[in-house]
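Not measured: the values here are computed from a predicted model. All values below were derived from every heavy atom in this structure, side-chain atoms included, with hydrogens, water molecules and symmetry-related copies excluded. Chain naming here is simple, since letters A, B, ... match the order of the sequence lines and numbering starts at 1 in each.
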Amino acid sequence: MHRSLYDQLTPSQRKAVFHIDGPMLVLAGPGSGKTRVITHRIASLIDSGIRPQNICAITFTNKAADEMRQRVTALGCTAGSHISTFHSLCVRILRQYAAKAQVKNSFSIYDTADQRKCIKQAVKDCELETSNFPPARMLNAISALKNNLIDVETFNVQADDFFSKRLVRIYQRYQGILTEHNAMDFDDLLMKAAFLLERHPKVCEELSRRFRFLLVDEYQDTNHSQYRITRALVSAHNNICVTGDPDQSIYRWRGADIRNILAFEKDWPDAKVVRLEENFRSAANILEAADKLISFNQNRRQKRLIPTRGLGPDIMVNVFEDEAAEAESVVEQIKRLREAEDVQLNEIAVFYRINAQSRALEEAFIKANMPYQIVRGVEFYNRKEIRDLIAYLKILVNPDDEIALLRIINTPARGIGKTTIERIAGYGASHPISFFDALKRIENIESLSKNPKAKVEQFVRMIEKFRKRSTGRVASLTESIFAESGLEKSLKDAGFEGESALENVSELINSAAQYDKSAESPSLVDYLQQISLFSDVDVYDPSSGRVALMTLHSAKGLEFENVFIVGTEDGLLPHERSYDDEDEMEEERRLLFVGMTRAKNALCISCTRYRTIRGQQLRTMPSQFIYELAIEPQPAEEQSTDDSKIADNELPHYRAGQVVIHKSFGPGVVKNFVDMGQNSVVTVRFNKGQEKSLMVKFARLTKMPGH
DNA sequence: CATAGCCGCCTTTTT
DNA sequence: GGCGGCTATG
C-alpha cells in the first residue's frame, strides 16, 4: 500500500519511518514532514505484522488525533490503533482500572470554571481570605504540584514556609471537594493515571504489553506527569518513538518541561536520533528570518533549518496607528491577495498573542464582509445554555456533582432560591450525605416551609425521571431534557436574545447524534467525559473557505500560504508577564518562531503605535523581536486621505501653546516640543486631562488653524 | 424569591 | 470592556 509512497520520503524520513524497534527520538523542525513520518510509521508497523491495537499514538490535541486517524486510514491500514491525547488515554485507563485507581468510573471532569468554584470554596473552608489567597494563583500552584506528581501527602512533608503550609491545607480541601463531587480536574486525570501505573506493576505491565509500540508527538510540550506515564507505558519493551522540536515548545506555563525532549537520550541511552532538518513548507527567506530570530535564544540546541524552496515575497513588517488601522490593513491586503493573486481565503491566517485581540480584527472583517473563522477551543462549551444543558446530563450520571447540581437546581427559575439552597446545604453538612441526597430527604429538613419543599420534590422527581431514560441514545435524551426541563421554554421566551442560544443547543444535539453514531460503545458517561476533553466544536475547518483567526498557540501544527502576525509589540509579544523571566522571554520568542514558520509563501508582521488594552489606550513600542529579525519596519501606507497627511521627511514643528487635535485623544495644547529631526517629540496636555509625549512622526496631530 | 444594576477583578497562552 | 458575584428593590 504505502510502499509506493516510500519513494516520496527523504533518507532521514525513511530512517524515522522504517527503523522500528527500540527508542527513537525524531527531532523534527517546522515543515519537515513530521506528520507524514508518524502516519507512515504507524502504517509501516502494521505492514510488518503488528496488530493495530498494539499501537498507541499520543497527540497534543484531539484535532491532531482525528487527523492522524484519518491519514492512517487513508494509507489503507485497518483502523484500530489507539490514537488520542494523553488526557483521553488517561480517562480510558482510569475507567478500565477504576477500582485500582480508587475512582468511580462515573466521574465528572471539571474544567477551569468548575475548578474556580471549587478552589474558592476550598479557600473559604480553610477560613482564609480569597484576597490573600487568590483563587487563580492557588489553582496555578496546585496545578504545578499535580503536574509534578506531588500529591497532598507528599507536599505536606515538604511544606515548610508560611505560604506552603497554607497551600497544603487549601490543596487538601480542594482535593476533598473534588472527591466529594466524584470529579477530577485535567491535572488529576494525568496524576491519577501516573500513580495507577507506578503503584500497580501488574496494570503497568498489562498496558505496556498491550501498547507494544508507543508514539508521542509534540514531545517538547509534555509535562512531568506525562513523562512518567510515558515511561511506565513503555517499561516492558522500550519501543518508544517521540517526535518534537525544542524550538517549538510553547506550553511551559502549563507545566511543559522542555527537558523531557532535551534529556531523551539520557533517559533512553540506546536511543536512535533522527533529525529532520529540511523544510518543505516555507519560502527560503521566511526560514532565514525565523532562524535569525530563534538564534537569539541562549538556552537552545543548535539546529539547522534547511530550505528546499526558493525565495518568496519579502517579509513585510508594518507599523500602524492603532489596532483598528492594523486590522483594516490586514483585510485590505487579503482583498488584494484574493483579487490580484487569486489566493483562496482558507490559505490565509491571522495570528495574535491574546484572544482579546480578535475583537478589532473581527470588526474589520465584518465591516468588509470578509468571511472569517475564529479558531478558539473552549468557546462553544463555555456558553451558558450549553453548560446548563450539559449540567443536567452530568447530574444523571454523577449525582454527587454539586457544581452541576447547583447550576441547574434553579435554572430555569423554579422557585428554589438562595435561602432554600443554603438550608439544604446546612442539612447536608450536618449529616454525612451529599447535596443530592439531602434533596431527596427534603421532608426531614425542618427549617424549610411547605412551598419550597414541594418545589424541591418536584425537581427531584424530574431528575429521577430523566435518569430512568439515561441509558438510551444521548441525542434524544438531550433533546427531551432540553424540552422538559423548561430550558427550551425559557430561551424561547427570551425572544431574539435566545435565538442564537437555541441554535447552539441544536448544534449540541447534532454533535450528540454524531457521537451516538460513531462511538464504539456509546454511553452518556463516555459522551460527557469525551466532550469535557474535546472542547473544540469551533475547531478550525480548512474547507470552510474562510480566513482563519487564531492565537499563536493554536497555530501550532498548521500551515498557510499567507500569514499575518499582528500586535508584535513590547508587552504583548513578548507579553509583559514574561519580562522578568529569561526562560519565559525565550518562550515568547519561540511563539513568534512558531507563528512565522506556519507561512508557506508570504509573511506579514505588524505592530501599532497605540493599542487599547482593557479599555485603556496605551502607547506601544515595536517588539524587540522585530529588531532581532533585522527587517526595517515600514511605516504603514496611508490608508486615508482625509486628515492632514504628513510626509515623513518634512515633519512639522510645534511651539508651546499651539492647539492641536489627536485622532483618539481629541484636542489639547502643546506644552513642549523637542526637535530631533525624524525623532522629534511633542508633549501635549489634552483637554481630557492626560498629558502625553508623542513621537511627531507617529502621532499624526492636526494643527488648529489660527493658533 | 427574582431581577436589575453595580462593583471588582480580570485573561496570556489550553488539554 | 466583560463576566461573576453581590446588593438593593419589587
Side-chain angles (χ1 to χ4, degrees), chain A residues 58-65 84-91 109-113 115-117 120 124 130-131 134-137 139-140 143 146-147 184-190 218 221-223 225-226 249-256 351-360 363 375-379 381-384 387 407 410-422 449 451-452 455 490 529-536 538-539 550-556 567 571-579 581 584 587-588 590-592 594-595 612-617:
Chain A
I58 298 173
T59 56
F60 191 72
T61 63
N62 288 296
K63 187 180 66 190
S84 77
T85 63
F86 266 109
H87 287 85
S88 296
L89 177 65
C90 289
V91 167
I109 298 171
Y110 276 4
D111 65 10
T112 320
Q115 282 180 290
R116 275 180 56 132
K117 288 183 181 152
K120 277 188 180 169
K124 221 162 130 194
T130 46
S131 49
R137 227 193 289 155
L139 275 179
N140 276 339
S143 176
K146 288 184 180 176
N147 284 333
M184 284 190 243
D185 63 22
F186 290 125
D187 302 318
D188 281 331
L189 297 173
L190 303 175
E218 307 287 8
D221 281 324
T222 50
N223 63 29
S225 54
Q226 291 166 334
S249 165
I250 53 176
Y251 283 92
R252 200 181 102 95
W253 52 275
R254 201 177 94 173
F351 303 149
Y352 37 84
R353 177 65 178 83
I354 65 173
N355 282 310
Q357 287 175 261
S358 66
R359 176 178 311 278
E363 278 167 13
V375 180
R376 185 163 32 189
V378 288
E379 263 297 89
Y381 288 96
N382 254 339
R383 300 200 166 112
K384 187 184 177 303
R387 289 191 82 103
R407 180 171 194 99
N410 201 31
T411 308
R414 52 171 69 87
I416 304 174
K418 214 172 106 184
T419 341
T420 313
I421 290 169
E422 260 166 29
S449 56
N451 199 28
K455 298 264 166 69
S490 74
Q529 289 174 347
Q530 279 201 24
I531 61 171
S532 304
L533 298 175
F534 196 98
S535 40
D536 275 325
D538 275 333
V539 20
M550 68 187 88
T551 63
L552 285 159
H553 283 90
S554 321
K556 186 162 91 165
L572 210 47
L573 182 66
H575 195 273
E576 57 182 351
R577 296 213 179 185
S578 358
Y579 281 161
D581 185 329
E584 279 183 32
E587 178 145 317
E588 297 287 310
R590 290 195 291 268
L591 206 42
L592 181 55
V594 167
T612 308
I613 292 169
R614 264 184 253 148
Q616 284 239 303
Q617 194 182 43

**Message:** A:His553: which residues meet the ring pair (Phe, Tyr, Trp, His ring centres under 6.0 Å) condition with it, sequence neighbours left out?
**Reply:** A:Tyr251, A:Trp253

**Request:** State which of B:dT15, B:dT13, B:dC10 makes the closest approach to the side chain of A:Thr61.
**Result:** B:dT15

**Asked** Separation of A:Leu89 atom CG from B:dT15 atom P, in whole Å?
**Response** 17 Å

**Message:** Need to verify one output field. Residue with the more 5' nearest nucleotide on DNA chain B, A:Ala136 or A:Arg254?
**Reply:** A:Ala136

Dump the pairs, protein N or O against N or O of nucleotides 1-8 of chain B, anything under 3.5 Å, distances to one decimal.
residue : atom : partner  : partner atom : Å
B:dC1   : OP1  : A:Gly417 : N            : 3.3
B:dC1   : OP1  : A:Thr420 : OG1          : 2.2
B:dC1   : OP2  : A:Thr419 : OG1          : 2.5
B:dA2   : OP1  : A:Gly415 : N            : 2.9
B:dA2   : OP2  : A:Asn410 : ND2          : 3.1

**Request:** Identify the two heavy atoms, one from A:Gln115 and one from A:Leu139, that lie closest to each other, and give their separation to 0.1 Å.
**Result:** CB-CD1, 3.9 Å

**Request:** Please assess A:Met550 against A:Lys556 for the test side chain to side chain contact (heavy atoms under 4.5 Å, CB included), listing each intermediate value before the final yes or no.
**Result:** CA-CA 10 Å; A:Met550 68 187 88; A:Lys556 186 162 91 165; over 6 Å; no

**Asked** Could you state the interatomic distance from CD (A:Gln530) to CD1 (A:Ile109), rounded to the nearest 0.5 Å?
**Response** 9.5 Å

**Request:** Using atom CZ of A:Phe60 as one end and atom C1' of B:dT14 as the other, report the distance to the nearest whole Å.
**Result:** 7 Å

**Gap in Å between the two P atoms, one belonging to C:dG4 and one to B:dT13, rounded** = 16 Å

**Prompt:** Would you say B:dT14 has OP1 or OP2 under 4.0 Å from some side-chain N or O of A:Asn355?
**Reply:** yes

**Request:** Heavy atoms only: give me the nearest A:Gln226-A:Asp221 pair and the separation to one decimal.
**Result:** OE1-O, 3.9 Å

**Request:** Determine: side-chain N/O of A:Thr551 to OP1/OP2 of B:dT14, distance under 4.0 Å, yes or no.
**Result:** yes

**Request:** Flag the pair A:Leu189 / A:Phe86 as yes when at least one side-chain heavy-atom distance between them is below 4.5 Å, and no otherwise.
**Result:** no

**Separation of atom CG in A:Leu139 from atom C1' in B:dC10, rounded to whole Å** = 14 Å

**Asked** With no hydrogens and no angle check, is any side-chain donor or acceptor of A:Asn62 less than 3.5 Å from a backbone partner on A:Thr85?
**Response** no

**Request:** Mind checking A:Arg359 for me? I need base, sugar-phosphate or nothing, with any heavy atom below 4.0 Å counting as a touch.
**Result:** sugar-phosphate

**Message:** Whole angstroms only, please: what is the CZ-P distance between A:Arg137 and B:dC10?
**Reply:** 9 Å

**Request:** Kindly say if A:Ser554 contacts the phosphate of B:dT14, meaning a side-chain N or O under 4.0 Å from OP1 or OP2.
**Result:** yes

**Asked** Are the side chains of A:Tyr352 and A:Leu552 in touch, meaning some heavy atoms are under 4.5 Å apart?
**Response** no

**Request:** Can you tell me the distance, in whole Å, between the CD1 atom of A:Ile613 and the P atom of B:dC10?
**Result:** 17 Å

**Request:** Return yes when atom CZ of A:Arg414 has more than 12 non-hydrogen atoms of other residues, nucleotides or ligands closer than 6.0 Å, and no otherwise.
**Result:** yes

**Fill in**
Atom CG of A:Asn140 and atom P of B:dT14 are separated, to the nearest Å, by 14 Å

**Asked** Any idea which heavy atoms bring A:Leu572 and A:Ile354 closest together, and the distance?
**Response** CD1-CD1, 4.0 Å

**Fill in**
Rounded to whole Å, CD of A:Glu422 lies from P of C:dC6 at a distance of 10 Å

**Message:** Regarding A:Tyr251, tell me which of base, sugar-phosphate or nothing describes its non-hydrogen contacts under 4.0 Å with the strands shown.
**Reply:** sugar-phosphate

**Message:** Under 3.5 Å for both pairing distances: what stems, at least three Watson-Crick or G-U pairs long, include DNA chain B?
**Reply:** B:1-9 with C:2-10

**Request:** To the nearest Å, give me how far apart NZ (A:Lys120) and P (B:dC9) are.
**Result:** 11 Å

